[in-house]
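Since the structure is predicted, the reported quantities are computational estimates derived from the model, not experimental observations. Reckoned from all heavy atoms, side chains included, excluding hydrogens, waters and symmetry mates.
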Amino acid sequence: MSMLSRRQFVQGGSVVAAMLLAGCGSSSSGADASSAPADGEYKLVNEGKLTCISNLFFPPFESMNEASGEPEGFDIDVSKELAKHMGLEINWLPSQDFDTLVPTIKQGGKADIAIAGMTITDARKAEVDMSEPYVDSNQSIVVKSGSTETAETLDDASKTIAVQGGTTGADWADENLPNATKKRLSTIIDAMSGCQSGLYDAVVCDLPVSSYQIKESYTDLQIIEEIPTGEQYGIAISKDNPGLTAAVNAALAEMEEDGTMAAIEMEWFGSEI
Ligand code: GLN
């Protein structure tokens with residue numbers, strides 16, 4: 001059964017023209033894994049599996065469930081459903097730093113997709129293919145509750161702004177708070193904890209993450225500014241694997257249609273986002 005669905009793919013990049021080419025040739029056998037895929041087919045680093053990488057410290061999009069030792073979150077559910085819609089098993093690799101995800105996908109051979117609350121940007125699109133957008137996002141400035149800081153007062157060398165290295169939040173802080181001292185950390189959790197303990201004056205990070213984190217864990221923090229950057233998250237895939245991008249886009253379109261995406265949004269945000 002999974003072999004039949006494995007052959008479900010999109011011709012010509014259209015997200016709706018998914019075609020089921022069951023039984024059409026035998027190139028899905030492991031023996032052919034290294035040969036270049038024909039038009040519309042795709043390569044997988046592990047046969048029959050969708051192998052995923054992320055930075056697993058970005059709740060509610062991705063984090064490690066301490067009890068089960070398994071990754072969980074919005075993107076984790078999206079990846080599970082993607083795999084299901086593509087007739088594949090899911091295979092999660094250990095967490096890695098956010099700024100290594102695009103280079104890893106570009107280099108190839110380790111993972112098929114990076115799904116990491118990753119904003120679609122021109123710079124990333126120059127390195128890898130990005131899927132169609134699946135989440136809208138903005139930036140936010142976070143400070144300690146009761147703080148009187150504003151974007152203006154924070155733009156000063158005496159103020160330390162914590163960001164996650166290699167993110168659009170880091171870029172926004174560089175451009176818009178040029179005078180402030182920036183502290184680049186490997187996770188947004190480190191940034192939030194440091195802000196809560198008074199180590200940093202503010203954090204700049206994606207709004208869906210800061211709002212969720214403040215509600216769930218960092219109740220001593222508050223958002224002082226929502227910044228409408230109009231970002232959209234996409235899934236990163238190697239430019240050498242256009243058939244996989246097409247198949248992922250087809251699966252995402254199906255998930256929008258069949259209510260899967262809405263159900264995942266309800267599960268993690270309590271509403272459609
Ligand atoms: N959306 C932001 C970016 O793409 C942050 C992503 C993340 O930290 N996982 O840069």
- request: Indicate if Ile115 and Ile90 have the same hydrophobic cluster label, given that clusters are the connected sets of ILVMFWY residues with side-chain heavy-atom separations under 4.5 angstrom.
  value: yes
message: What verdict does the side-chain contact (heavy atoms from CB on, under 4.5 Å) test give for Ile53 and Thr104, after you've listed the backbone C-alpha separation in whole Å, the side-chain angles of each residue and the deciding distance to 0.1 Å?
response: CA-CA 9 Å; Ile53 48 171; Thr104 301; 3.7 Å; yes
- request: Ignoring hydrogens and angles, state whether a donor on the side chain of Asn46 or Thr51 is under 3.5 Å from an acceptor on the partner side chain.
  value: yes
- prompt: Just by modelled atom types, is the Glu152 backbone N or O under 3.5 Å from a matching donor or acceptor in the Thr150 side chain?
  reply: yes
- prompt: Do Ile189 and Pro59 come close enough that some side-chain heavy atom pair is under 4.5 Å?
  reply: yes
- prompt: If you group Ile, Leu, Val, Met, Phe, Trp and Tyr by side-chain heavy-atom gaps below 4.5 Å, do Trp268 and Leu207 land in one group?
  reply: yes
message: With a 4.5 Å cut-off on side-chain heavy atoms, are Leu252 and Met261 touching?
response: yes
field: Test item: side-chain donor near acceptor, Thr181 and Thr160, under 3.5 Å
entry: no
task: Tell me, with the steps shown, if Ile237 and Val248 meet side-chain contact (heavy atoms from CB on, under 4.5 Å).
output: CA-CA 9 Å; Ile237 301 164; Val248 164; 3.8 Å; yes
message: Under 4.0 Å between a side-chain nitrogen and a carboxylate oxygen: does that hold for Glu81 and Lys84?
response: yes
task: Work out which heavy atom in Tyr134 is nearest to a heavy atom in Glu265; give both atom names and the distance.
output: O-OE2, 4.5 Å
- request: Measure the OG-CG distance between Ser238 and Leu244 for me, rounded to the nearest 0.5 Å.
  value: 9.0 Å
query: Could you walk me through whether Phe61 and Phe269 pass the ring pair (Phe, Tyr, Trp, His ring centres under 6.0 Å) check?
result: CA-CA 10 Å; Phe61 290 97; Phe269 291 97; 5.6 Å; yes
message: Do Glu231 and Thr168 make a side-chain contact, defined as non-hydrogen atoms from C-beta onward lying under 4.5 Å apart?
response: yes
Heavy-atom side-chain contact between Ser95 and Phe57 under 4.5 Å: yes
query: Does Cys52 reach the side chain of Asp112, with side-chain heavy atoms less than 4.5 Å apart?
result: no
- prompt: If you measure only the distance, is there a donor-acceptor pair under 3.5 Å linking the side chains of Gln164 and Thr187?
  reply: no
Flag, side chain of Lys159 to backbone of Ala180, donor-acceptor distance under 3.5 Å: no
message: Using 0.5 Å steps for rounding, measure from the CD atom of Gln196 to the NZ atom of Lys144.
response: 7.0 Å
message: Membership question, hydrophobic clusters at under 4.5 Å side-chain separation (ILVMFWY): are Ile76 and Val135 in the same one?
response: yes
message: To the nearest 0.5 Å, what is the distance between CG on Asn138 and CG on Asp206?
response: 9.0 Å
Asp190 side-chain N/O to Leu185 backbone N/O, donor-acceptor pair under 3.5 Å: no
Non-hydrogen atoms of Pro208 and Pro60 that approach each other most closely: O-CD, 4.1 Å
field: Remaining members of the apolar cluster that contains Ile141, side-chain heavy atoms under 4.5 Å
entry: Val143, Leu154, Ile161, Val163, Trp172, Leu177, Val204, Ile224, Ile227
query: Heavy-atom distance under 4.5 Å between the side chains of Asn65 and Pro71, does that happen here?
result: no
message: Return the CG to OG distance between Asn249 and Ser131, rounded to the nearest 0.5 Å.
response: 5.5 Å
query: Which heavy-atom pair separates Gly234 from Ile120 by the least distance, and what is that distance?
result: N-CG1, 3.6 Å
message: Would you say CD of Glu216 has more than 12 non-hydrogen atoms from neighbouring residues, nucleotides or ligands within 6.0 angstrom?
response: yes
message: For Gln139 versus Thr229, what's the shortest heavy-atom pair and its separation?
response: N-OG1, 3.4 Å
- request: May I ask you to check whether Tyr233 and Asp75 show a side-chain donor-acceptor distance below 3.5 Å?
  value: no
- prompt: Which heavy-atom pair separates Met86 from Ala251 by the least distance, and what is that distance?
  reply: CG-CB, 4.0 Å
message: Quick one, Gln96 and Lys110 - any side-chain contact, counting heavy atoms below 4.5 Å?
response: yes
message: Please report the interatomic distance OG(Ser63) to CD(Gln213), rounded to the nearest 0.5 Å.
response: 8.5 Å
Flag, side chain of Asp156 to backbone of Ser158, donor-acceptor distance under 3.5 Å: yes
query: Do Leu88 and Ile264 share a hydrophobic cluster, counting only Ile, Leu, Val, Met, Phe, Trp and Tyr and linking them when any side-chain heavy atoms are less than 4.5 Å apart?
result: yes
Atom of Ala236, atom of Met118 and distance for their closest heavy-atom approach: CB-SD, 4.0 Å
- request: Please tell me if the side chains of Thr167 and Phe98 come closer than 4.5 Å, counting only heavy atoms from C-beta onward.
  value: yes
message: Would Cys205 and Met192 count as a side-chain contact (heavy atoms from CB on, under 4.5 Å) here? Give the steps.
response: CA-CA 10 Å; Cys205 82; Met192 296 261 180; 3.8 Å; yes
Residues Gln232 and Ser137: side-chain donor-acceptor under 3.5 angstrom: no
Main-chain N/O of Asn179 paired with Asp155 side-chain donor or acceptor, under 3.5 Å: yes
field: hydrophobic_cluster_shared for Met255 and Ile235, side chain cutoff 4.5 Å
entry: yes
query: When you look at Ser79 and Trp92, which way does the side chain to side chain donor-acceptor pair (under 3.5 Å) test go after all the steps?
result: CA-CA 9 Å; Ser79 71; Trp92 269 95; 3.2 Å; yes
field: Matching residue for Arg124 among Leu101, Thr119, Ile105 - test: side-chain contact (heavy atoms from CB on, under 4.5 Å)
entry: Thr119
query: Counting N and O atoms only, with roles assigned by atom type, does the side chain of Lys239 sit under 3.5 Å from a partner on the main chain of Lys125, one being a donor and the other an acceptor?
result: yes
query: Are Arg184 and Asp174 within salt-bridge range, i.e. N to O under 4.0 Å?
result: yes
- prompt: Is there a donor-acceptor contact under 3.5 Å linking the side chains of Ser193 and Tyr218?
  reply: yes
- prompt: Can you tell me how far OG1 of Thr121 sits from CD of Glu127, rounded to the nearest 0.5 angstrom?
  reply: 9.5 Å
